[in-house]
Amino acid sequence: MRTVAVVGASLAGLSAARSLRKQGYDGRLVVIGDEPHRPYDRPPLSKEFLAGAIGEADLALERDDEDLRAEWVLGTRATGLDRAERAIRLADGRDIRADGVVIATGAAARTLPGTDGLAGVHVLRTLDDARALRDDLARGGRLVVIGGGFIGAEVASTAYALGLDVTVVEAAPTPLAGPLGETMGGIVSALHADHGVRLLCGVGVKGLSGEHRVDAVLLENGRGVPADTVVVGVGARPCVDWLRGSGIELDNGVKCGADGRTGVAGVIAVGDCANWYDPRAGAHRRVEHWTGAMERPDAAVAALLAHGATEPGVPRPPYFWSDQYGVKIQFAGHATGADSVTVEEGTTDDRCFLAVYRRAGRPVAVLGMNQPRLFTRWRKQLAAAAP
(Lines give C-alpha, C1' and ligand atoms only; values in the text may rest on other atoms or scores of the structure.)
Protein backbone atom coordinates (compact mmCIF):
# COMPACT_ATOMS: atom_id res chain seq x y z
CA MET A 1 0.00 0.00 0.00
CA ARG A 2 1.41 3.36 -1.01
CA THR A 3 -1.05 5.46 1.03
CA VAL A 4 -3.14 4.71 4.11
CA ALA A 5 -5.61 7.29 5.38
CA VAL A 6 -6.86 7.28 8.94
CA VAL A 7 -10.16 9.15 9.17
CA GLY A 8 -10.46 10.29 12.77
CA ALA A 9 -7.73 11.93 14.87
CA SER A 10 -8.72 10.89 18.37
CA LEU A 11 -7.42 7.95 20.42
CA ALA A 12 -8.55 5.16 18.07
CA GLY A 13 -7.14 6.93 15.02
CA LEU A 14 -3.85 7.67 16.75
CA SER A 15 -3.64 4.07 17.96
CA ALA A 16 -4.17 2.85 14.39
CA ALA A 17 -1.47 5.20 13.07
CA ARG A 18 0.93 3.94 15.72
CA SER A 19 0.07 0.32 14.88
CA LEU A 20 0.74 0.93 11.20
CA ARG A 21 4.26 2.16 11.90
CA LYS A 22 4.87 -0.47 14.58
CA GLN A 23 3.85 -3.24 12.20
CA GLY A 24 6.24 -2.05 9.50
CA TYR A 25 4.15 0.13 7.22
CA ASP A 26 6.53 2.75 5.80
CA GLY A 27 4.36 4.37 3.11
CA ARG A 28 2.43 7.63 3.11
CA LEU A 29 0.22 8.05 6.17
CA VAL A 30 -2.53 10.68 6.28
CA VAL A 31 -4.52 11.38 9.45
CA ILE A 32 -7.75 13.34 8.99
CA GLY A 33 -9.65 14.98 11.86
CA ASP A 34 -12.72 17.20 11.98
CA GLU A 35 -11.49 19.00 15.11
CA PRO A 36 -8.58 21.45 14.86
CA HIS A 37 -6.81 19.80 17.80
CA ARG A 38 -4.12 17.15 17.79
CA PRO A 39 -5.19 13.88 19.49
CA TYR A 40 -6.17 14.35 23.13
CA ASP A 41 -7.44 12.19 25.97
CA ARG A 42 -11.19 12.34 26.54
CA PRO A 43 -11.78 10.62 29.93
CA PRO A 44 -10.32 13.54 31.96
CA LEU A 45 -12.70 16.00 30.29
CA SER A 46 -15.52 15.09 32.70
CA LYS A 47 -13.25 14.90 35.73
CA GLU A 48 -9.82 16.51 36.23
CA PHE A 49 -10.02 18.94 33.31
CA LEU A 50 -13.55 20.03 34.18
CA ALA A 51 -12.47 20.58 37.78
CA GLY A 52 -9.49 22.68 36.70
CA ALA A 53 -6.99 20.21 38.17
CA ILE A 54 -5.20 19.74 34.83
CA GLY A 55 -4.74 21.87 31.73
CA GLU A 56 -5.00 21.24 28.02
CA ALA A 57 -1.33 20.29 27.70
CA ASP A 58 -1.95 17.40 30.10
CA LEU A 59 -4.52 15.93 27.70
CA ALA A 60 -2.05 15.41 24.85
CA LEU A 61 -1.84 11.79 23.67
CA GLU A 62 1.30 12.15 21.57
CA ARG A 63 4.69 11.86 23.22
CA ASP A 64 7.07 14.80 22.91
CA ASP A 65 9.56 12.68 20.96
CA GLU A 66 6.96 10.87 18.83
CA ASP A 67 7.12 11.19 15.05
CA LEU A 68 4.71 9.05 13.04
CA ARG A 69 5.82 10.67 9.79
CA ALA A 70 2.17 11.45 9.15
CA GLU A 71 0.42 14.20 7.24
CA TRP A 72 -2.12 15.78 9.57
CA VAL A 73 -5.26 17.15 7.92
CA LEU A 74 -7.16 18.76 10.80
CA GLY A 75 -10.17 21.01 11.12
CA THR A 76 -12.11 19.50 8.22
CA ARG A 77 -14.51 16.57 8.26
CA ALA A 78 -14.88 13.69 5.86
CA THR A 79 -18.08 13.92 3.80
CA GLY A 80 -17.86 10.81 1.66
CA LEU A 81 -15.91 7.73 0.60
CA ASP A 82 -15.67 7.03 -3.12
CA ARG A 83 -15.09 3.31 -3.30
CA ALA A 84 -14.25 3.24 -7.01
CA GLU A 85 -11.76 6.10 -6.81
CA ARG A 86 -10.44 5.02 -3.40
CA ALA A 87 -10.91 8.62 -2.34
CA ILE A 88 -12.06 10.32 0.85
CA ARG A 89 -13.97 13.50 0.17
CA LEU A 90 -13.50 16.36 2.63
CA ALA A 91 -15.78 19.26 3.53
CA ASP A 92 -13.20 21.75 2.26
CA GLY A 93 -13.43 20.28 -1.25
CA ARG A 94 -10.27 18.20 -1.20
CA ASP A 95 -10.00 14.50 -2.03
CA ILE A 96 -7.53 12.22 -0.28
CA ARG A 97 -6.77 9.10 -2.32
CA ALA A 98 -5.67 6.04 -0.38
CA ASP A 99 -5.07 2.34 -0.93
CA GLY A 100 -6.07 1.56 2.65
CA VAL A 101 -8.61 3.34 4.85
CA VAL A 102 -9.02 3.23 8.63
CA ILE A 103 -12.43 4.51 9.73
CA ALA A 104 -12.08 6.00 13.22
CA THR A 105 -14.64 8.81 13.17
CA GLY A 106 -15.99 8.00 16.63
CA ALA A 107 -19.33 9.12 17.96
CA ALA A 108 -21.10 12.40 18.66
CA ALA A 109 -23.07 13.33 21.75
CA ARG A 110 -26.83 13.25 21.37
CA THR A 111 -28.57 16.57 21.96
CA LEU A 112 -32.04 17.64 23.03
CA PRO A 113 -34.19 18.92 20.14
CA GLY A 114 -35.01 22.59 20.31
CA THR A 115 -32.07 23.63 22.51
CA ASP A 116 -29.87 25.22 19.85
CA GLY A 117 -28.93 28.76 20.77
CA LEU A 118 -30.06 28.48 24.39
CA ALA A 119 -27.17 29.52 26.62
CA GLY A 120 -26.18 27.30 29.52
CA VAL A 121 -27.04 24.00 27.76
CA HIS A 122 -24.13 21.65 27.16
CA VAL A 123 -23.09 18.24 25.96
CA LEU A 124 -19.67 16.84 26.83
CA ARG A 125 -17.72 15.00 24.17
CA THR A 126 -14.98 17.25 22.84
CA LEU A 127 -12.34 19.57 24.25
CA ASP A 128 -14.36 22.56 23.07
CA ASP A 129 -17.42 21.16 24.88
CA ALA A 130 -15.39 20.84 28.07
CA ARG A 131 -14.00 24.35 27.80
CA ALA A 132 -17.50 25.83 27.50
CA LEU A 133 -18.92 23.73 30.33
CA ARG A 134 -16.00 24.52 32.64
CA ASP A 135 -16.62 28.24 32.13
CA ASP A 136 -20.30 27.83 33.01
CA LEU A 137 -19.63 25.70 36.09
CA ALA A 138 -17.35 28.46 37.35
CA ARG A 139 -20.49 30.59 37.64
CA GLY A 140 -21.76 28.26 40.37
CA GLY A 141 -25.47 27.88 41.05
CA ARG A 142 -27.74 25.01 40.08
CA LEU A 143 -26.73 22.28 37.69
CA VAL A 144 -29.16 19.77 36.22
CA VAL A 145 -27.69 16.72 34.51
CA ILE A 146 -30.05 14.97 32.10
CA GLY A 147 -29.03 11.32 31.98
CA GLY A 148 -27.68 9.17 34.79
CA GLY A 149 -25.08 7.26 32.77
CA PHE A 150 -21.35 7.37 33.43
CA ILE A 151 -20.66 10.71 31.76
CA GLY A 152 -23.59 12.33 33.53
CA ALA A 153 -22.54 10.82 36.85
CA GLU A 154 -18.95 12.00 36.46
CA VAL A 155 -20.06 15.54 35.63
CA ALA A 156 -22.40 15.50 38.64
CA SER A 157 -19.55 14.31 40.87
CA THR A 158 -17.18 16.99 39.58
CA ALA A 159 -19.78 19.75 39.91
CA TYR A 160 -20.64 18.62 43.44
CA ALA A 161 -16.97 18.89 44.41
CA LEU A 162 -16.94 22.41 42.93
CA GLY A 163 -19.79 23.40 45.24
CA LEU A 164 -22.72 23.48 42.83
CA ASP A 165 -26.24 22.40 43.70
CA VAL A 166 -26.70 19.29 41.54
CA THR A 167 -29.73 17.33 40.34
CA VAL A 168 -29.55 14.28 38.06
CA VAL A 169 -32.62 13.36 35.99
CA GLU A 170 -32.83 9.82 34.60
CA ALA A 171 -35.70 8.52 32.48
CA ALA A 172 -35.13 4.88 33.41
CA PRO A 173 -36.25 3.53 36.80
CA THR A 174 -32.65 2.58 37.63
CA PRO A 175 -29.59 4.43 36.34
CA LEU A 176 -26.85 2.31 34.76
CA ALA A 177 -29.16 -0.71 34.51
CA GLY A 178 -28.07 -1.18 30.89
CA PRO A 179 -24.33 -1.69 31.42
CA LEU A 180 -24.46 -2.97 35.02
CA GLY A 181 -27.87 -4.57 35.49
CA GLU A 182 -30.57 -3.26 37.79
CA THR A 183 -29.14 -4.44 41.12
CA MET A 184 -25.62 -3.12 40.66
CA GLY A 185 -26.80 -0.10 38.71
CA GLY A 186 -28.85 0.91 41.72
CA ILE A 187 -25.93 0.40 44.10
CA VAL A 188 -23.48 2.41 42.00
CA SER A 189 -25.93 5.24 41.35
CA ALA A 190 -26.61 5.47 45.09
CA LEU A 191 -23.33 7.40 45.24
CA HIS A 192 -25.38 10.46 44.27
CA ALA A 193 -27.58 10.21 47.36
CA ASP A 194 -24.52 9.45 49.52
CA HIS A 195 -23.25 12.92 48.68
CA GLY A 196 -26.46 14.90 48.75
CA VAL A 197 -26.97 15.04 44.98
CA ARG A 198 -30.65 14.73 44.05
CA LEU A 199 -31.49 11.83 41.74
CA LEU A 200 -34.87 11.84 39.99
CA CYS A 201 -35.55 8.51 38.27
CA GLY A 202 -38.34 7.16 36.11
CA VAL A 203 -39.29 10.52 34.62
CA GLY A 204 -38.52 11.91 31.18
CA VAL A 205 -37.66 15.43 30.13
CA LYS A 206 -40.31 17.36 28.22
CA GLY A 207 -38.11 20.33 27.40
CA LEU A 208 -36.22 23.32 28.74
CA SER A 209 -37.40 26.81 29.58
CA GLY A 210 -35.63 30.13 29.32
CA GLU A 211 -35.63 33.05 26.91
CA HIS A 212 -31.94 33.46 26.17
CA ARG A 213 -30.44 31.27 28.88
CA VAL A 214 -31.86 28.10 30.37
CA ASP A 215 -33.67 28.58 33.68
CA ALA A 216 -35.41 25.23 34.23
CA VAL A 217 -35.73 21.64 33.03
CA LEU A 218 -39.36 20.72 32.40
CA LEU A 219 -40.24 17.12 33.27
CA GLU A 220 -42.97 15.00 31.73
CA ASN A 221 -44.73 14.75 35.10
CA GLY A 222 -45.33 18.50 34.99
CA ARG A 223 -42.59 19.44 37.42
CA GLY A 224 -39.95 22.05 36.65
CA VAL A 225 -36.42 21.77 38.05
CA PRO A 226 -34.67 25.17 38.30
CA ALA A 227 -31.33 25.25 36.51
CA ASP A 228 -28.57 27.74 35.81
CA THR A 229 -26.65 25.20 33.75
CA VAL A 230 -27.78 21.96 32.07
CA VAL A 231 -25.67 19.07 30.85
CA VAL A 232 -27.28 16.62 28.42
CA GLY A 233 -25.76 13.18 28.85
CA VAL A 234 -28.12 10.91 26.91
CA GLY A 235 -25.64 8.85 24.96
CA ALA A 236 -23.85 9.14 21.65
CA ARG A 237 -24.46 8.20 18.03
CA PRO A 238 -21.75 6.79 15.75
CA CYS A 239 -20.43 9.27 13.19
CA VAL A 240 -21.02 7.25 10.04
CA ASP A 241 -23.43 9.34 7.96
CA TRP A 242 -20.54 10.32 5.70
CA LEU A 243 -20.26 6.68 4.62
CA ARG A 244 -23.79 6.35 3.24
CA GLY A 245 -23.71 5.23 -0.38
CA SER A 246 -20.10 4.06 -0.10
CA GLY A 247 -20.84 0.33 -0.03
CA ILE A 248 -19.75 0.08 3.62
CA GLU A 249 -22.39 -1.81 5.61
CA LEU A 250 -23.82 0.34 8.38
CA ASP A 251 -25.65 -1.14 11.35
CA ASN A 252 -25.29 0.73 14.65
CA GLY A 253 -22.01 2.03 13.27
CA VAL A 254 -19.69 0.35 10.79
CA LYS A 255 -20.37 -3.39 10.73
CA CYS A 256 -17.09 -5.29 11.01
CA GLY A 257 -15.66 -8.73 11.50
CA ALA A 258 -13.82 -9.82 14.64
CA ASP A 259 -10.68 -8.12 13.30
CA GLY A 260 -12.26 -4.82 12.30
CA ARG A 261 -12.47 -5.58 8.57
CA THR A 262 -15.47 -4.25 6.68
CA GLY A 263 -17.03 -5.87 3.62
CA VAL A 264 -14.97 -3.56 1.40
CA ALA A 265 -11.39 -4.64 0.76
CA GLY A 266 -8.77 -2.33 2.23
CA VAL A 267 -11.17 -0.67 4.68
CA ILE A 268 -11.20 -1.31 8.45
CA ALA A 269 -12.98 0.40 11.34
CA VAL A 270 -11.89 1.00 14.93
CA GLY A 271 -13.09 2.91 17.97
CA ASP A 272 -16.53 4.14 18.94
CA CYS A 273 -17.95 3.98 15.40
CA ALA A 274 -17.01 0.30 14.87
CA ASN A 275 -19.55 -2.47 15.43
CA TRP A 276 -17.24 -5.48 15.74
CA TYR A 277 -18.27 -9.12 15.75
CA ASP A 278 -17.73 -10.63 19.20
CA PRO A 279 -17.11 -14.40 19.03
CA ARG A 280 -17.77 -14.71 22.75
CA ALA A 281 -21.31 -13.43 22.33
CA GLY A 282 -21.92 -14.60 18.77
CA ALA A 283 -23.13 -11.11 17.92
CA HIS A 284 -21.91 -7.68 16.87
CA ARG A 285 -21.16 -5.13 19.58
CA ARG A 286 -20.16 -1.49 19.43
CA VAL A 287 -17.82 -0.70 22.31
CA GLU A 288 -17.44 2.95 23.35
CA HIS A 289 -14.53 2.55 25.75
CA TRP A 290 -11.02 3.98 25.98
CA THR A 291 -9.38 0.56 26.29
CA GLY A 292 -10.99 -0.75 23.12
CA ALA A 293 -9.76 2.30 21.21
CA MET A 294 -6.25 1.53 22.47
CA GLU A 295 -6.17 -2.25 21.97
CA ARG A 296 -8.28 -3.19 18.99
CA PRO A 297 -6.47 -1.18 16.28
CA ASP A 298 -3.50 -3.60 16.49
CA ALA A 299 -5.64 -6.49 15.22
CA ALA A 300 -7.42 -4.36 12.63
CA VAL A 301 -4.18 -2.95 11.23
CA ALA A 302 -2.67 -6.44 11.05
CA ALA A 303 -5.69 -7.56 8.99
CA LEU A 304 -5.39 -4.50 6.74
CA LEU A 305 -1.71 -4.98 6.02
CA ALA A 306 -2.16 -8.72 5.44
CA HIS A 307 -5.08 -8.07 3.08
CA GLY A 308 -7.31 -10.21 5.29
CA ALA A 309 -5.00 -13.22 5.30
CA THR A 310 -4.67 -13.23 9.10
CA GLU A 311 -6.91 -15.29 11.36
CA PRO A 312 -9.19 -13.09 13.51
CA GLY A 313 -8.47 -13.39 17.21
CA VAL A 314 -10.93 -13.03 20.06
CA PRO A 315 -11.07 -9.43 21.34
CA ARG A 316 -10.56 -9.01 25.06
CA PRO A 317 -13.76 -8.42 27.02
CA PRO A 318 -14.58 -4.70 27.02
CA TYR A 319 -13.31 -2.79 30.02
CA PHE A 320 -14.13 0.65 31.35
CA TRP A 321 -13.70 2.63 34.52
CA SER A 322 -15.27 5.66 36.13
CA ASP A 323 -14.25 7.90 39.02
CA GLN A 324 -17.18 9.33 40.99
CA TYR A 325 -17.20 11.00 44.40
CA GLY A 326 -13.75 9.60 45.20
CA VAL A 327 -14.78 6.03 44.32
CA LYS A 328 -13.07 4.05 41.55
CA ILE A 329 -15.56 1.97 39.57
CA GLN A 330 -14.23 -0.69 37.19
CA PHE A 331 -16.17 -3.05 34.95
CA ALA A 332 -15.18 -5.72 32.43
CA GLY A 333 -17.29 -8.05 30.29
CA HIS A 334 -20.99 -7.95 29.48
CA ALA A 335 -23.73 -7.89 32.10
CA THR A 336 -26.39 -8.56 29.46
CA GLY A 337 -27.55 -12.16 29.66
CA ALA A 338 -26.07 -12.84 33.10
CA ASP A 339 -28.45 -14.89 35.23
CA SER A 340 -26.78 -14.09 38.57
CA VAL A 341 -24.53 -11.54 40.22
CA THR A 342 -22.83 -12.19 43.55
CA VAL A 343 -20.64 -10.09 45.81
CA GLU A 344 -17.36 -11.97 46.19
CA GLU A 345 -15.46 -9.51 48.36
CA GLY A 346 -16.39 -6.59 50.61
CA THR A 347 -19.84 -5.13 51.08
CA THR A 348 -22.06 -2.92 48.96
CA ASP A 349 -22.94 -0.76 51.98
CA ASP A 350 -19.49 0.78 52.21
CA ARG A 351 -19.11 1.01 48.40
CA CYS A 352 -16.01 -1.20 48.50
CA PHE A 353 -16.69 -4.58 46.93
CA LEU A 354 -16.19 -6.88 43.97
CA ALA A 355 -19.13 -8.55 42.23
CA VAL A 356 -19.07 -11.31 39.61
CA TYR A 357 -21.75 -11.80 36.96
CA ARG A 358 -22.35 -15.36 35.78
CA ARG A 359 -24.35 -17.11 33.10
CA ALA A 360 -25.01 -20.83 33.67
CA GLY A 361 -22.30 -20.73 36.32
CA ARG A 362 -19.65 -19.21 34.02
CA PRO A 363 -18.26 -15.74 34.81
CA VAL A 364 -19.14 -13.24 32.08
CA ALA A 365 -18.47 -9.90 33.79
CA VAL A 366 -16.93 -8.38 36.89
CA LEU A 367 -17.59 -5.10 38.71
CA GLY A 368 -15.33 -3.49 41.29
CA MET A 369 -15.78 -0.47 43.52
CA ASN A 370 -12.47 0.50 45.16
CA GLN A 371 -11.13 -3.03 44.57
CA PRO A 372 -8.44 -2.47 41.90
CA ARG A 373 -6.15 -5.41 42.74
CA LEU A 374 -8.84 -8.05 42.98
CA PHE A 375 -10.61 -6.60 39.95
CA THR A 376 -7.42 -6.87 37.88
CA ARG A 377 -7.11 -10.59 38.69
CA TRP A 378 -10.73 -11.24 37.72
CA ARG A 379 -10.37 -9.23 34.52
CA LYS A 380 -7.42 -11.43 33.48
CA GLN A 381 -9.50 -14.53 34.17
CA LEU A 382 -12.29 -13.24 31.92
CA ALA A 383 -9.83 -12.52 29.12
CA ALA A 384 -8.33 -16.02 29.41
CA ALA A 385 -11.70 -17.80 29.33
CA ALA A 386 -12.59 -19.66 26.14
CA PRO A 387 -15.09 -17.90 23.84
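Every value quoted in this text rests on a predicted model; they were computed, and no experiment measured them. Keep in mind that the numbers below use all heavy atoms, side chains included, and drop hydrogens, waters and symmetry copies.
Look at R198 and D165 and you find a salt bridge, because one of the NZ, NE, NH1 or NH2 atoms lies within 4.0 Å of a carboxylate O, short of that distance. Remark: K47 does not engage D323 in a salt bridge, criterion side-chain N to carboxylate O under 4.0 Å. One finds a salt bridge joining D272 and R125 here, because a Lys/Arg side-chain nitrogen approaches an Asp/Glu carboxylate oxygen to under 4.0 Å. A salt bridge links R42 with E35: the distance from a Lys NZ or Arg NE/NH1/NH2 to an Asp or Glu carboxylate oxygen falls below 4.0 Å. A salt bridge links D228 with R142; the closest basic N to acidic carboxylate O contact falls under 4.0 Å.
Screening D135, D129, D136 for a side-chain hydrogen bond (donor to acceptor under 3.5 Å, both in side chains) with H122, the sole residue that qualifies is D136.
No side-chain heavy atom of E154 sits under 4.5 Å from any side-chain heavy atom of L124. Looking only at side-chain heavy atoms (C-beta outward), E344 and L374 stay at 4.5 Å or farther from each other. In this structure, the side chains of P317 and H334 stay at 4.5 Å or more apart for every pair of heavy atoms. Two residues are said to be in side-chain contact when any heavy atoms from C-beta on lie closer than 4.5 Å; Y160 and L143 fail this criterion. Counting heavy atoms from C-beta on, the side chains of R373 and T376 never come closer than 4.5 Å. For the pair L29 and R69, the minimum side-chain heavy-atom distance is 4.5 Å or more. Looking at I88 and V73, their side chains never come closer than 4.5 Å, going by heavy atoms from C-beta outward. Within the 4.5 Å cutoff, the side chain of L304 has heavy atoms near those of the M1 side chain.
Checked against the 6.0 Å centroid criterion, the rings of Y325 and H192 qualify as a close aromatic pair.
Between the side chains of T3 and R97, no donor-acceptor pair is found at a separation under 3.5 Å. There is no side-chain donor-acceptor pair under 3.5 Å between T229 and R139. Residues R38 and Y40 bring no donor and acceptor atom of their side chains to less than 3.5 Å of each other.
Under a hydrophobic-cluster definition in which Ile, Leu, Val, Met, Phe, Trp and Tyr are linked whenever side-chain heavy atoms come within less than 4.5 Å, directly or via other members, L243 and L90 are assigned to the same cluster. I187 is not connected to L354 by any chain of hydrophobic side-chain contacts under 4.5 Å among Ile, Leu, Val, Met, Phe, Trp and Tyr, and they are in different clusters. When the side chains of ILVMFWY residues are joined at heavy-atom separations under 4.5 Å, either directly or via intervening members, L367 and F150 end up in a single hydrophobic cluster. V102 and L61 fall within a single hydrophobic cluster, where Ile, Leu, Val, Met, Phe, Trp and Tyr side chains are chained together by heavy-atom contacts under 4.5 Å. The cluster map of Ile, Leu, Val, Met, Phe, Trp and Tyr, joined by side-chain heavy atoms under 4.5 Å apart, puts V6 and W290 in the same cluster.
Taking a 6.0 Å sphere around CZ of R86, one finds it holds more than 12 heavy atoms contributed by other residues, nucleotides or ligands. Open room surrounds CD on E182; 12 or fewer heavy atoms of other groups in view lie less than 6.0 Å from it. Around atom CD of E211, no more than 12 heavy atoms belonging to other residues, nucleotides or ligands sit under 6.0 Å away.
Between the D339 side chain and the A360 main chain, a donor and an acceptor come within less than 3.5 Å of each other. Checked by atom type and distance alone, the side chain of S46 never pairs as donor or acceptor with a backbone atom of I151 at under 3.5 Å.
The side-chain contact (heavy atoms from CB on, under 4.5 Å) check on E220 picks up K206, with sequence neighbours excluded.
Residues V356 and P363 come closest through the heavy atom pair CG1-CB, 4.0 Å. For A365 against A335, the heavy-atom pair with the smallest separation is CB-N, 4.1 Å.
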Please lay out, stage by stage, how V301 and R18 fare under the test side chain to side chain contact (heavy atoms under 4.5 Å, CB included).
CA-CA 10 Å; V301 164; R18 285 171 169 165; over 6 Å; no
Output, in order, the C-alpha distance, side-chain angles, deciding distance and verdict of side chain to side chain contact (heavy atoms under 4.5 Å, CB included) for H289 and Y319.
CA-CA 7 Å; H289 303 317; Y319 161 69; over 6 Å; no
When you look at F320 and T291, which way does the side chain to side chain contact (heavy atoms under 4.5 Å, CB included) test go after all the steps?
CA-CA 7 Å; F320 63 87; T291 307; over 6 Å; no
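To the nearest 0.5 Å, atoms CZ (R89) and CG (D95) are separated by 4.0 Å.
Judged by the 6.0 Å and 45° rule, R296 forms a cation-pi pair with W276.
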